[in-house]
Structures are given as structure tokens and as C-alpha cells.
Student: 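A single structure is presented below for examination.
Keep in mind that the numbers below use all heavy atoms, side chains included, and drop hydrogens, waters and symmetry copies. Note that the numbering runs from 1 along the sequence shown for the chain.
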Amino acid sequence: MGLAELALLAIGLSMDAFAVSICKGLGMKKINLKVAVVLGLFFGGFQAGMPVIGWALGSQFMGIIGPIDHWIAFVLLAFIGGKMLWEAFTEDEDEGDDKDAEKIDLGEYLILAIATSIDALAVGISFAALSVDIVPAVSLIGVTTFIFSVAGVAIGHTFGARYEKPATIVGGVVLILIGLKILLEHLGILAL
């Protein structure tokens with residue numbers, strides 16, 4: 001696998017993290033570089049780490065994880081998206097002013113990072129089958145995802161600062177749709 005193929009693969013793997021990062025930026029009243037960097041580190045780290053796990057395990061456990069990986073991603077993304085929708089519709093207007101939208105929530109970041117990087121596990125298994133040099137490959141994937149994630153937070157903030165509640169609703173719906181897309185692709189209902 002050449003550098004061009006690896007770069008395209010890294011960009012492809014980072015797209016779910018990019019979309020989720022945009023959603024996180026939507027709820028920010030002011031851009032918070034610390035939040036963007038921490039989120040980028042979570043997403044980049046998991047996108048780099050999952051292929052390592054897949055590579056190390058090879059194909060011996062893919063028979064167990066493969067049939068349900070799309071369900072795991074769907075449930076995790078739907079949960080976070082549903083939580084965003086719940087907060088958007090149940091929060092009082094006055095209550096929202098006290099809420100720190102820029103707060104770092106490590107538990108939520110962990111769930112989002114796992115949900116958006118499950119497909120990278122399968123990529124790691126293919127790396128083992130293709131004898132890909134794992135260190136440069138996962139480094140490129142991690143750095144690419146980090147950059148896209150930080151940029152996604154900034155892009156989301158640009159639009160979200162103007163339209164906070166509708167942006168939060170859109171963000172929640174987008175997360176649920178990303179999870180649904182992953183599920184439908186793996187079930188063979190949606191082909192891209």
C-alpha cells in the first residue's frame with residue numbers, strides 16, 4: 001500500500017470524526033482551542049490505536065467483532081445524538097446561559113472516539129493481511145484525524161455561535177444519522 005492510498009484511507013477514516021467534531025463545535029458560544037485539541041487527540045488517538053489493535057489481533061477475532069461492530073457504532077452515536085436532542089428540547093432558555101458548552105467531557109469524548117473508530121479496527125486487520133508497515137500507517141491516520149477534528153470544531157463553532165439551539169438539534173440528528181449510515185452500510189441496505 002503506497003503513500004497515496006494510505007493518505008486517502010486516512011482521510012476516509014477521519015470523516016466520521018470530522019462530522020462529529022463539527023457537531024461539537026456547533027454548541028460552542030466561543031471557540032475553545034483546548035476543547036478542540038483534546039477532542040482531536042481523542043479522535044486521532046483512537047483512529048490510530050484501533051488499527052494497531054486490529055493488526056495485532058489479526059483476523060482471529062474479527063469473526064466475533066465484525067458481525068456486531070456496526071451495531072456498537074450505531075448505539076453509541078445514537079445515544080450521544082439523542083442526549084444532544086434531549087438537552088436542546090428540555091433546557092430552559094435561562095438555564096442554557098449557565099451551561100458551559102466548552103466544558104471537556106472525557107466520558108462523552110471516549111464514547112464518541114470509540115464509535116467513530118470501530119471501522120479502523122477492520123482496517124488494522126487488513127493491514128496485517130497486506131503486511132503494511134503499521135507505524136507510519138497509523139501515524140498518518142492519527143495525525144490526519146487530529147487535524148480534521150480540530151478543523152471540524154472550528155467550522156462547527158462558526159455556524160453554531162449564531163444558531164445555538166437549532167445547531168444543537170442538527171448536531172444531534174447528524175450523529176444519529178452517522179450511526180444509522182454505518183448500520184445500513186454494514187447491513188447491505190445502503191451502498192456507497
Student: To the nearest 0.5 Å, what is the distance between NZ (Lys24) and OH (Tyr109)?
Tutor: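 Separation between the atoms: 5.0 Å.
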
Student: Which atoms form the tightest heavy-atom contact between Phe18 and Ala151, and what is the distance?
Tutor: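 For Phe18 versus Ala151, the nearest heavy atoms are CE1-C, 4.4 Å.
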
Student: So do the side chains of Val153 and Ile22 get within less than 4.5 Å of each other, counting heavy atoms only?
Tutor: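 They are not in contact (no side-chain heavy atoms under 4.5 Å apart), so the answer is no.
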
Student: Tracing side-chain links under 4.5 Å among I, L, V, M, F, W and Y, which residues wind up in one group with Leu8?
Tutor: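 Leu8 shares its hydrophobic cluster with no other residue.
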
Student: Looking only at heavy atoms, what is the nearest atom pair of Ser149 and Ala17, with distance?
Tutor: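 Minimum heavy-atom contact is OG-CB, 3.8 Å.
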
Student: Not counting sequence neighbours, which residues clear side-chain contact (heavy atoms from CB on, under 4.5 Å) with Ile111? List them please.
Tutor: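 For Ile111, the residues satisfying side-chain contact (heavy atoms from CB on, under 4.5 Å) (neighbours in sequence not counted) are Leu76, Ile80.
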
Student: Does the pair Ile141 and Leu6 meet the rule for a side chain to side chain contact (heavy atoms under 4.5 Å, CB included), with working shown?
Tutor: CA-CA 8 Å; Ile141 291 168; Leu6 280 175; 5.7 Å; no

Student: For Val132 and Trp55, which heavy atoms make the closest approach, and how far apart are they?
Tutor: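 Scanning both residues, the minimum pair turns out to be O-NE1, 4.2 Å.
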
Student: Please report, to 0.1 Å, the donor-acceptor pairs under 3.5 Å made by any side chain of residues 33-45, with sequence neighbours excluded.
Tutor:
none

Student: Are Phe148 and Met15 side-chain neighbours, meaning at least one heavy-atom pair lies under 4.5 Å?
Tutor: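 They are in contact (side-chain heavy atoms under 4.5 Å apart), so the answer is yes.
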
Student: Do you know which two heavy atoms are closest between Ile134 and Pro51, and how far apart they sit?
Tutor: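 Of all heavy-atom pairs spanning Ile134 and Pro51, the closest is CD1-O, 4.1 Å.
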
Student: For residues Ser14 and Thr144, report the shortest heavy-atom separation together with the two atoms involved.
Tutor: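 Reported closest heavy-atom pair: OG-CG2, 4.0 Å.
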
Student: Do Leu110 and Phe46 have side chains that get closer than 4.5 Å, going by heavy atoms?
Tutor: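 The answer is yes; the side chains approach within 4.5 Å.
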
Student: Indicate yes or no: at least one non-hydrogen side-chain atom of Thr145 is less than 4.5 angstrom from one of Thr116.
Tutor: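 Result no, sub-4.5 Å side-chain heavy-atom pair not found.
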
